[in-house]
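Each chain gets a letter, A, B and so on, in the order the sequences are listed, and its residues count up from 1. All of these numbers come straight from a predicted model, not from anything done at the bench.
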2 protein chains.
Amino acid sequence: MVSLREVALRAGVSPSTASIALRGDKRVKTDTRERVIEIAHALGYVPNGSARDLKRKSKQIIGVLLHDLGGPFYSEVLRGIQHRMHDSGFTPIVGCSAPGNHGALTRLLLEQRVDGAIVLDPLVDKEALIRIARRGLPIVVLDREISESGIYSVMANHEQGAYHATQYLLEEGFRSIAFISGPDDSTHSKARLAGFCRALAQTRQRGVCAGIYAGNFTEDSGCEIAYQIMRDQGRHRVDAVFAANDEMALGVMKAFADVGVVIGQEVAVMGFDDILIAQYARPALTTVRQPMYDIGYHAADLICRALVQDRSSLPTEAVVFPMQLVVRESTKKTTFEGGI
Amino acid sequence: MVSLREVALRAGVSPSTASIALRGDKRVKTDTRERVIEIAHALGYVPNGSARDLKRKSKQIIGVLLHDLGGPFYSEVLRGIQHRMHDSGFTPIVGCSAPGNHGALTRLLLEQRVDGAIVLDPLVDKEALIRIARRGLPIVVLDREISESGIYSVMANHEQGAYHATQYLLEEGFRSIAFISGPDDSTHSKARLAGFCRALAQTRQRGVCAGIYAGNFTEDSGCEIAYQIMRDQGRHRVDAVFAANDEMALGVMKAFADVGVVIGQEVAVMGFDDILIAQYARPALTTVRQPMYDIGYHAADLICRALVQDRSSLPTEAVVFPMQLVVRESTKKTTFEGGI
DNA sequence: TAGACTTATCGAATCGTTTCGATAGATTTA
DNA sequence: TAAATCTATCGAAACGATTCGATAAGTCTA
């Protein structure tokens, strides 16, 4: 592998001169500089990243830690990250913190191969992140909150998203709404439930809450609870079911469809997350979406600013983005007909 | 940041002793070794990756270059890669070679931050890859073929996939089949067309080829060509349409549905690729899928072997995986009914 | 107990780049 | 023309870990 030393040797200069010449520094006489650059090019010289990183402070690389690569989620987040970083000289590098893979976190963050990190994986240990931040690496966590100097949070406002979704249901005339929550330890589920309750509390109407059921974010649990709702209240007592995530909402739709209840007309179903399947389900699922692109863009912005500017200008509180209501067929009273 | 020197200092040994002690080397007396390890742990010492990479030959990191992160494709490939690498000590790191982003390729491959690379992006310049391989970095390219020592290809057998799909259509009793190709410069499209032709050539039946139309892989082109097919031949002369990719097949379904032709019953539609939407379309699209997990797993296997074993044991020809026919509703004569 | 081996540790060199202070030589200033 | 100022380049010291060949001890053989 051709090294700077070899380039310098052939150009008849010292490595130090070659080094600054290659950066186009005017301290080197023009013809020397051009000769060095030409020889480097001819030899296909590219500086060794490890050596440079070792010597320099900055690496110009940002680590992005994802749980896996599935879904349009991550792809959108990364688009936002890339757009923000494109002209800033930083390159995002993605590591998968998948099943038991301590590898990427170690290699990228602990072994100091990056200047900063964006972490989108609820399973990455909070204490580990705090320890890393204390070592001086700026971290942006997405969709969770960690209060620690050097760790910045960017997230969607789940409470507000659920609030608006509920308001929409009420405005559309759905009177009696049941809510299916996620597991108890899910802060997202809690926030969504809180938004639902706030919207209901504001309305003057009576009997709008048809019960709060505890699910576990799986399609099966949604399905089971839908049957339970029907048993509990008779199929015409509930106007709408708001599930704390799309998987459960799909389960609910399945259950209703199986007993012949027409979704949209007889009962509305609202999901949360806007997973890809939501738009292909029949009827297409009305749901609430996180602005993933914006979140990625903003996360990248925070990291870049933490590295370039003075960190005191950065927010200490989580940056919260509003969620978007995506209205589809499952909450529309117009008759839904099958087929393409 | 705590360095080896600091650990050594506190343990009262030299950095060299600390270095081997931390690796559990028996050359260091047991109590010294344990003391060093304990101090390193207490100080939160993690070796600096750049320094280690610089000194060592291997980095234990494999670069994975993807075009973007969308779709279940990449996610499946990466699952395969991770499973293969999990116990081998290598960590895959993903770079996006997205729009004009020369960054990831430079940072990972050129600047020698990885031991090997898996490239799944048709747009990464072939010459650039050859140059990198000549510098000694083993590369596995997916879904394309580059003949060069040090570059290994893993791909699906598109010709065979199309052959089987066509055979299936013939077996199901579809007599008159039209084919919609992709753009002329697509080798995939060519291979798929070749498989289609080979299957037709083998059959004794007459008039089975209802024409070959030139599309451009977009849904719109599929739609337009479907109308053209109907104009050309009358809507009952064509039994089936085989599009060289799913997008076009969806366009074809749309066109037929718009004029009231019942897909599956009056005309079968076959796609290629099994993009995610295929299974959610109504009717769900019969298509041909690449075994992405296997491809990823095998790519990782090749890279690991290139780095660990003797390279002469590796295949010089592209490793080709059979494609899988995914039968869904769009080629089934049973009456399709809308609804969930 | 001198010589041969082991054992435990260390010092110095190395990986490839960058950076800082030094040094000639050329040029300007007083 | 001696002193001051540039200009172009170089040498050496980092960065942090690894590695190899010393080097002291301590243990064993004859």
Among A:Asp125, A:Asp121, A:Asp68, the one residue meeting side-chain hydrogen bond (donor to acceptor under 3.5 Å, both in side chains) with A:Ser97: A:Asp121
Would you mind reading off the distance between [X] atom [atom1] and [N] atom [atom2], rounded to a whole angstrom?
{"X": "B:Lys26", "N": "C:dT7", "atom1": "NZ", "atom2": "P", "answer": "13 Å"}
{"X": "B:Lys29", "N": "D:dA25", "atom1": "NZ", "atom2": "P", "answer": "14 Å"}
{"X": "B:Glu6", "N": "D:dC15", "atom1": "CD", "atom2": "P", "answer": "13 Å"}
{"X": "A:Arg5", "N": "D:dC10", "atom1": "CZ", "atom2": "C1'", "answer": "16 Å"}
{"X": "A:Leu54", "N": "C:dT18", "atom1": "CG", "atom2": "P", "answer": "11 Å"}
{"X": "B:Leu4", "N": "D:dC15", "atom1": "CG", "atom2": "P", "answer": "13 Å"}
{"X": "A:Asn48", "N": "D:dC15", "atom1": "CG", "atom2": "C1'", "answer": "13 Å"}
{"X": "B:Leu110", "N": "C:dG16", "atom1": "CG", "atom2": "C1'", "answer": "16 Å"}

Applying a 4.0 Å non-hydrogen cut-off, can you work out what [X] is touching in the nucleic acid: base, sugar-phosphate, or nothing?
{"X": "A:Thr17", "value": "base"}
{"X": "A:Thr32", "value": "sugar-phosphate"}
{"X": "B:Arg33", "value": "nothing"}
{"X": "A:Gly12", "value": "sugar-phosphate"}

Choose from [options] the nucleotide whose nearest atom is closest to any side-chain atom of [X].
{"X": "B:Ser16", "options": "C:dG16, D:dC10, C:dA12", "result": "C:dA12"}
{"X": "B:Arg23", "options": "D:dT9, C:dT18, D:dT19", "result": "D:dT19"}
{"X": "B:Lys55", "options": "C:dT18, D:dT9, D:dA17", "result": "D:dA17"}
{"X": "A:Val28", "options": "D:dT18, C:dC10, D:dT9", "result": "D:dT9"}
{"X": "B:Arg56", "options": "C:dC10, D:dT18, C:dG16", "result": "D:dT18"}
{"X": "B:Ser19", "options": "D:dT19, D:dC10, C:dT18", "result": "D:dT19"}

Aromatic ring pairing A:His188/A:His158, orientation class (parallel under 30°, perpendicular over 60°, tilted between): parallel
CZ (B:Arg135) with more than 12 external heavy atoms under 6.0 Å: yes
Within 6.0 angstrom of B:Glu317 CD, more than 12 heavy atoms from elsewhere: no
Comparing B:Pro15 and B:Ala51 on DNA chain C - which has the more 5′ nearest nucleotide: B:Pro15
Closest-nucleotide 5' rank along DNA chain C - winner of A:Met1 and A:Arg27: A:Met1
With respect to the phosphate group of [N], does any side-chain polar atom (N or O) of [X] fall under 4.0 Å of OP1 or OP2?
{"X": "B:Tyr45", "N": "D:dA17", "answer": "yes"}
{"X": "A:Arg52", "N": "C:dT18", "answer": "yes"}
{"X": "A:Ser14", "N": "D:dC10", "answer": "yes"}
{"X": "B:Arg35", "N": "C:dA8", "answer": "no"}

A:Ser75 side chain to A:Arg79 side chain, donor-acceptor N/O pair below 3.5 angstrom: no
Spacing of B:Ile62 atom CD1 and B:Leu108 atom CG [to the nearest 0.5 Å]: 11.0 Å
